[in-house]
There are 2 protein chains.
Amino acid sequence: MKTLNNLLREKAIKPTYQRLKILEYVRKYIKKHPTVEMIYEELRYDIPTISMTTVYNTLKLFSEKGLVDGIFITGTEIRFDFNTEPHHHFLCRKCGRILDISIRCPFAEGKEIDEHQVQEVHGYFKGICKTCNKRL
Amino acid sequence: MKTLNNLLREKAIKPTYQRLKILEYVRKYIKKHPTVEMIYEELRYDIPTISMTTVYNTLKLFSEKGLVDGIFITGTEIRFDFNTEPHHHFLCRKCGRILDISIRCPFAEGKEIDEHQVQEVHGYFKGICKTCNKRL
DNA sequence: ATGACTGCAAAATATTTGCATATTC
DNA sequence: GAATATGCAAATATTTTGCAGTCAT
């Protein structure tokens with residue numbers, strides 16, 4: 001696995017302590033698809049002075065550089081995904097978790113649809129996840 | 001085409017003047033996928049006393065009753081769609097319009113994906129629409 | 001008259017911006 | 001030391017809520 005420092009270096013992002021910690025968090029909790037809030041609350045233990053602004057700034061920068069993806073599913077807040085490979089998500093209406101799913105859209109980026117030039121493909125599903133289903 | 005009154009009656013929604021006008025707007029400007037703001041600003045000519053609250057209340061009610069869909073693509077505001085048949089959207093990065101597209105996801109509602117029970121299927125694409133492409 | 005609908009004002013939420021201070025190379 | 005990053009406070013944008021007044025049956 002690449003070091004955090006290398007990940008930043010590859011994208012020409014200066015590796016400050018805050019940035020390293022934020023990147024570490026999104027990679028470690030890749031399955032959480034965390035919000036700014038989650039990251040901020042966790043990092044406050046390590047870096048008591050950290051601010052929401054820095055978390056926002058940093059994730060915006062990461063997103064622009066293609067180091068993370070911002071996903072808009074809940075309609076309320078941005079969820080961040082360290083996995084930037086095109087893939088789809090499933091939002092569980094019961095537990096609120098966002099899960100990665102295995103199916104792939106047959107319509108890929110770079111193609112055209114109805115003569116429109118496609119740059120990004122987004123797909124997500126809502127329902128009840130298998131864990132919540134078992135509990136019923 | 002069904003009357004506005006019938007559309008409301010079928011869903012057991014009391015047909016007030018505001019509700020009729022809001023429904024009329026989203027049906028007439030179905031291709032705009034309008035925001036609350038757009039609807040409010042337009043209806044102010046007809047109903048000077050109308051409030052954002054009523055537009056929000058009404059669209060929330062319509063959405064719960066399945067009369068419209070709320071779509072979350074831009075990340076900033078809810079866009080409303082009178083077409084509640086499952087279909088996909090294209091957001092143009094240049095003109096900001098949301099267009100309906102003809103392709104259909106092969107993964108339908110009611111099915112399972114990775115053992116998760118699917119209730120809603122959402123797909124959208126971002127890029128440059130054909131109109132904006134021609135202008136380049 | 002009862003219950004539902006409307007709309008004002010205020011609150012809540014999420015995100016962005018301006019700017020002074022601090023940090024990094 | 002120059003350039004960049006951080007973080008506080010305030011602003012912005014969107015949506016929701018509480019409540020008092022209004023409308024319709």
In whole angstrom, give the distance that lies between atom [atom1] of [X] and atom [atom2] of [N].
| X | N | atom1 | atom2 | value |
| --- | --- | --- | --- | --- |
| A:Arg44 | D:dC8 | CZ | P | 10 Å |
| A:Leu20 | C:dT24 | CG | P | 11 Å |
| A:Lys65 | D:dT4 | NZ | P | 12 Å |
| A:Ile13 | C:dT24 | CD1 | C1' | 16 Å |
| B:Ile39 | C:dT6 | CD1 | C1' | 17 Å |
| A:Leu43 | D:dT6 | CG | C1' | 14 Å |
| B:Ile22 | C:dC5 | CD1 | C1' | 11 Å |
| B:Leu61 | C:dT6 | CG | C1' | 13 Å |

>> To the nearest 0.5 Å, what is the distance between OG1 on B:Thr58 and CD1 on B:Ile13?
In response: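 B:Thr58 OG1 to B:Ile13 CD1: 9.0 Å, rounded to 0.5 Å.
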> Do the rings of B:His89 and B:His33 sit parallel, tilted or perpendicular, given the 30° and 60° boundaries?
Replying inline: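 Perpendicular, since the angle between the ring planes exceeds 60°.
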> Once the angle between the rings of B:Tyr25 and B:Tyr29 is folded into 0 to 90°, is it parallel (under 30°), tilted (30 to 60°) or perpendicular (over 60°)?
Replying inline: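 Rings of B:Tyr25 and B:Tyr29: tilted, as their planes differ by 30° to 60°.
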> Between B:Glu77 and B:Val36, is any pair of side-chain heavy atoms under 4.5 Å apart?
Replying inline: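 No, their side chains stay 4.5 Å or more apart.
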> Is the shortest heavy-atom distance from the side chain of B:Glu24 to the side chain of B:Lys21 under 4.5 Å?
Replying inline: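 With C-beta onward as the side chain, the pair touches.
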> Can you find a side-chain donor-acceptor pair between A:Asn133 and B:His116 that sits under 3.5 Å?
Replying inline: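 Result is no, nothing qualifies.
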> How does protein reach along nucleotides 10-21 of chain C, written 5' to 3' as B (base within reach of a heavy atom under 4.0 Å), S (only sugar-phosphate), or - (no contact)?
Replying inline: ----SBBB----
>> Given D:dT4, D:dG7, C:dG7, identify the nucleotide with an atom nearest to the side chain of A:Lys14.
In response: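 For the A:Lys14 side chain, the nearest candidate turns out to be D:dT4.
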>> Under 4.0 Å from OP1 or OP2 of D:dC23: is there any side-chain N or O of B:Gln18 that close?
In response: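 So the side-chain polar atoms of B:Gln18 never come under 4.0 Å of the phosphate oxygens OP1 or OP2 of D:dC23.
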> If only side-chain N and O atoms of B:Thr16 are considered, is one of them under 4.0 Å from the OP1 or OP2 phosphate oxygen of D:dC23?
Replying inline: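 Answer is no, no contact under 4.0 Å.
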>> I need the single residue from A:Leu67, A:Ile78, A:Val26 that forms a side chain to side chain contact (heavy atoms under 4.5 Å, CB included) with A:Leu59. Which is it?
In response: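 For A:Leu59, the side chain to side chain contact (heavy atoms under 4.5 Å, CB included) check succeeds only for A:Val26.
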> What does B:Thr54 touch in the nucleic acid at a heavy-atom separation under 4.0 angstrom: a base, only the sugar-phosphate, or nothing?
Replying inline: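 Here B:Thr54 touches the bases of the nucleic acid.
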